[in-house]
Amino acid sequence: QVSVVESGGGLAQAGTSLTLSCAISGRTSSDYSMGWFRQAPGKPREFVAAIIWHGGETTYGDSARDRFIISRGSTRNTVNLLMNNLRPDDTAVYYCAAYTAYRPVGPFDRTSQASSTYEFWGQGTQVTVSS
């Protein structure tokens, strides 16, 4: 049984920074590539960022590029998302997701952006940015 748990959401003012964290529990003997998606009310789920299981490659969605930074945490199978220069349109529920390393999903830079690639999902954490 694998669980994905997000933390760090909340209320922030525009122009400030917020860090989200995500941790996998359960089958921790495996390695996981991990990603973040977000969904605003009335909008489809959107890819934010992903990091490969060994941390050597990252990808970003258009909304996150140049403002957000994804990184592996100090503990195995944890990941952080540093969100800088927040804007009101960053308001959404942010979901952490993971898939087992070595799965033959194809090139990381493409497949990591598809929600269908991911096996495990967290419940989501709300981020609200006020102007």
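Numbers here simply count residues along the sequence, with the first being 1.
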Has [X] got a side-chain atom pairing as donor or acceptor with [Y]'s backbone, closer than 3.5 angstrom?
X: Gln13; Y: Ser130; value: no
X: Thr16; Y: Ala12; value: no
X: Tyr94; Y: Leu81; value: no
X: Tyr60; Y: Ile70; value: yes
X: Arg45; Y: Tyr95; value: no
X: Arg72; Y: Ile52; value: yes
X: Glu6; Y: Gly124; value: yes

Side-chain donor-acceptor pair present, [X], [Y], cut-off under 3.5 Å:
X: Thr128; Y: Thr91; result: no
X: Arg38; Y: Ser63; result: yes
X: Thr100; Y: Glu119; result: yes
X: Asn80; Y: Ser21; result: yes

Where is the tightest heavy-atom contact between [X] and [Y], given as atom of each residue plus distance?
X: Ser112; Y: Phe47; value: O-CE1, 3.3 Å
X: Asn85; Y: Arg67; value: O-NH1, 3.0 Å
X: Ser131; Y: Ala14; value: CA-CB, 4.2 Å
X: Tyr118; Y: Gly35; value: CE2-N, 3.7 Å
X: Ala23; Y: Thr78; value: CB-CG2, 3.9 Å

Using 0.5 Å steps for rounding, measure from the OG atom of Ser3 to the CD atom of Gln123. 9.0 Å
To the nearest 0.5 Å, what is the distance between OG (Ser33) and CZ (Phe108)? 5.5 Å
Under the side chain to side chain contact (heavy atoms under 4.5 Å, CB included) test against Val79, which residue among Leu20, Val4, Ile24, Ile51 passes? Ile51
Can you get from [X] to [Y] by hopping between Ile, Leu, Val, Met, Phe, Trp and Tyr side chains that sit under 4.5 Å apart?
X: Val129; Y: Trp36; result: yes
X: Val93; Y: Val127; result: no
X: Met34; Y: Leu82; result: yes
X: Val105; Y: Phe120; result: no
X: Phe68; Y: Phe37; result: no

Evaluation steps, ring-ring contact (aromatic ring centres under 6.0 Å, His included), between Tyr99 and Trp53: CA-CA 9 Å; Tyr99 64 93; Trp53 68 271; over 10 Å; no
Just checking Gln126: does its CD atom have more than 12 heavy atoms from other residues, nucleotides or ligands closer to it than 6.0 angstrom? yes
Any side-chain heavy-atom pair from Met83 and Asp90 closer than 4.5 angstrom? no
